[in-house]
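See below for the structure under consideration.
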Amino acid sequence: MHTANPGPTSKLRQLVPRPERIDLENGLVMRWSTADDKNSVAECLAISFQFENMGRIVPEGQLPGKNEYVIALTERLMSGEHPLMSEYDFALVEDTTVLQAPTKPGQSPRPMVVAVTCLMLISGFFGPVDMEWGMPGAVGTLPAYRNRGLVRRLFVDLIHPAAEVRGDLMLFIPGIPYFYKQFGYENAVPVKAGRLLKSAATFYPPSTPERQQHRFILREATSADIPYLVRLSQHTDLFSNAEMGTYYDLAFWKFVVETLRRENISNHHLAHHHAAIVVDYKTSKDLGISLTCMHDDGSWNWKVFTLDQQQDQGEEGVDSTVVTYEEAMASVLSQLKEFDRPYYECYSATLNINALPQESDTALRTRGEFPALDFANIGIDLTPTHPVILLLDARGQLEPVSTSEPYRFYTRIPSLPRFLLNIAPVLEKRLQESEVWRDVVVRLQVDFYQRLEGMSGRGLEVVLGKGKVVEVVDWKPKSAEQLAHEAVEQFHARKQGGLKEEKQLVLTAWFRPLSFTRLVTGSISVEGLLKRDTENYVGQDEARLLLDVLFPALDEFYLDLMWP
């Protein structure tokens, strides 16, 4: 059972400016940010993403201006109050030969920031093991400074060393296809995807008299509800079978409830998560929680719906029967449209109007300024075994499961030995459940052909003894010449000194550099990895069998990394 991690600790949070400052020559200097850099960093990102539609839709026949969405994102990330990072966690390159006019009275001109990225901290788990993961983001370079390797320097010289010092076992980043492979990331861990609801025929429209008959109503979540939200978003309550995922922890809910509270969503750049408490109208007691999410492409998803298993409705004269998901589902779904209206209107109003529409949503939809929101375009993004998914699927109300390859986060494991030793309880459980490997002593040697950026070694050696992980180290295969000389030396040593010949099981495998990331995270099976690349193969049938036991493909992941 997973229990919620309280979130990134103050020990790991960067509380003071970092001292690193690297001269890149020609007036370019690389360093970490301070609070004074917020406007310069936002300006750099706004220009870098000027021609990207992230968080907006550019009207036909117009060229976009600076991207206001990323300005709002930068202001949040560098506010000093963001749960995942501080104002000292942007890495940047500035051109000291170009000065920008001050943005506030009394300020001196500052060098122009020309390239940036940041490093966030996410609370996650792998099996029963809690861990902190790094997430680089907000990567941008001004057009005139591209193709100079500045982003590479930011990652290699600042972001990755900082993550290493902090102890991040993995780093994730969504982004440009293939681009991050050059920095040691592999397109690995998949993201769970929602399924569209096909029909609203069984739900009450919000405007009909039946709405007055709802037993279960939605109210805005408040700060006082945060402990309740944390308790009801445990992975067991979410009906999640994921062995790897992120927590809806204290940091997450404080962000959603306080930073994104309704009075703060005056523009569409903030309208992306909305939390509700489900209340029993008969008893006025809290019954459960709901969370909807607007993605930057405008899609609307129902991400969390949990009923309290500790329902106490035994007051005199009140039905004490525990409420089921089937009973509550229709009522909650039929209210979501009206409940989320400000968030939807912010996202869908005429582009770059940073205020809620003054006209009703009906008038705007009539003029075609944004599409109607109905149950046909709601994504049900609950876990595959959630009762709502099972009920809607049984009624034929969900679109079929997509057969296309899921979106995958680019994933970096800086040290495979350190990562595997940390998840040793998971590996040992798999060994002990195996009839073949439970009592065997074995040495597994994996050759990656060469050491690339993002790899701590050329290969990997794992020593297992009777269901336990004994040792995991970086390893380099010996040449044929070295092996021949060792064999001769051991032969003569045995003849002259009576050296006993040790018998041990040594298994071997070869995998393309970085591809092993997909295997150890459960993102692909051994069979799938062997079929995917002809450079991947195993030396013995026993090696294949052992890899299958240690690293099975996981059916479910629960990574919600897109909420900052």
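Counting from 1, the numbers follow the sequence of the chain as shown.
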Test your reading of the model: is there a side-chain donor-acceptor pair from [X] to the backbone of [Y], 3.5 Å cut-off?
X      : Y      : answer
Ser123 : Glu132 : no
Asn67  : Tyr69  : yes
Thr306 : Ile289 : no
Glu20  : Trp32  : no
Arg458 : Tyr449 : yes
Asp447 : Trp510 : no
Asp381 : Asn301 : no
Arg430 : Leu550 : yes
Thr508 : Gln445 : no
Thr383 : Leu238 : yes

Just wondering, are more than 12 heavy atoms of other shown residues or ligands nearer than 6.0 Å to NZ in Lys254?
no

A quick test of your reading: do over 12 heavy atoms of other residues, nucleotides or ligands sit less than 6.0 Å from CD of Glu81?
no

With Leu45, which of Leu77, Thr74, Thr141 fulfils side chain to side chain contact (heavy atoms under 4.5 Å, CB included)?
Thr74

Restricting to salt bridge (charged side-chain N to carboxylate O under 4.0 Å, His left out), what partner residues turn up for [X], sequence neighbours left out?
X      : answer
Asp533 : Arg512
Asp157 : Arg153
Glu535 : none
Arg451 : none

Working to the nearest 0.5 angstrom, can you tell me the gap between [X] [atom1] and [Y] [atom2]?
X      : Y      : atom1 : atom2 : answer
Phe551 : Thr521 : CZ    : OG1   : 10.0 Å
Glu186 : Thr411 : CD    : OG1   : 8.0 Å
Leu291 : Leu232 : CG    : CG    : 12.5 Å
Thr246 : Leu559 : OG1   : CG    : 5.0 Å
Trp475 : Arg443 : CH2   : CZ    : 10.5 Å
Asp36  : Ser108 : CG    : OG    : 10.5 Å

For Phe179 together with Tyr410, are the ring centres under 6.0 Å from each other?
no

Would you please indicate yes or no on a ring centroid separation below 6.0 angstrom for Tyr247 and Phe252?
no

Mind checking ring-ring contact (aromatic ring centres under 6.0 Å, His included) for [X] and listing every partner two or more places apart, or none if nothing turns up?
X      : answer
Trp437 : none
Tyr228 : none
His160 : Phe155, Tyr185
Tyr558 : His235, Tyr248

Side chain to side chain contact (heavy atoms under 4.5 Å, CB included) between Leu431 and Leu464, intermediate numbers included:
CA-CA 9 Å; Leu431 290 170; Leu464 307 171; 4.0 Å; yes

Set of residues satisfying side-chain contact (heavy atoms from CB on, under 4.5 Å) with respect to Pro425, sequence neighbours excluded
Val129

Step-by-step side chain to side chain contact (heavy atoms under 4.5 Å, CB included) determination, Arg21 to Val29:
CA-CA 7 Å; Arg21 185 180 179 89; Val29 174; 3.7 Å; yes

Does any part of the side chain of [Y], heavy atoms only, come nearer than 4.5 Å to the side chain of [X], both counted from C-beta?
X      : Y      : answer
Met455 : Leu514 : yes
Met131 : Met244 : no
Ile173 : Val139 : yes
Leu229 : Val304 : no
Ile524 : Thr517 : no
Glu52  : Val70  : no
Ser523 : Val189 : yes
Leu142 : Ser48  : yes

Name the residue from Lys38, Lys66, Gln100 that meets the side-chain hydrogen bond (donor to acceptor under 3.5 Å, both in side chains) definition with Glu43.
Lys66

Of the non-hydrogen atoms in Arg31 and Ser33, which two are nearest, and what is the gap between them?
NH1-CA, 4.1 Å

Of all the heavy-atom pairs spanning Leu171 and Ala163, show the shortest one and how long it is.
CD2-CB, 3.8 Å

Show your reasoning for whether side chain to side chain contact (heavy atoms under 4.5 Å, CB included) applies to Arg148 and Asn26.
CA-CA 12 Å; Arg148 299 191 193 183; Asn26 299 317; over 6 Å; no

Compute whether any side-chain donor of one residue and acceptor of the other, for Thr292 and Asp340, lie under 3.5 angstrom apart.
yes

Between Phe305 and His386, how do the two ring planes meet: parallel, tilted or perpendicular, split at 30° and 60°?
parallel

Quick check on salt bridge (charged side-chain N to carboxylate O under 4.0 Å, His left out): which of Arg412, Lys181, Arg152 does Glu453 satisfy it with?
Arg412

Which pairs of donor and acceptor atoms, one on a side chain in residues 415-424, lie under 3.5 Å apart (sequence neighbours left out)?
from: Ser415; atom 1: OG; to: Arg418; atom 2: N; distance (Å): 3.2
from: Arg418; atom 1: NH2; to: Asp168; atom 2: O; distance (Å): 3.1
from: Asn422; atom 1: ND2; to: Arg418; atom 2: O; distance (Å): 2.8

By the ring-ring contact (aromatic ring centres under 6.0 Å, His included) test, which pairs, at least two apart or in different chains, include something from residues 70-90?
His82-Phe255

Partners meeting side-chain hydrogen bond (donor to acceptor under 3.5 Å, both in side chains) with Trp253 (sequence neighbours left out):
Ser233

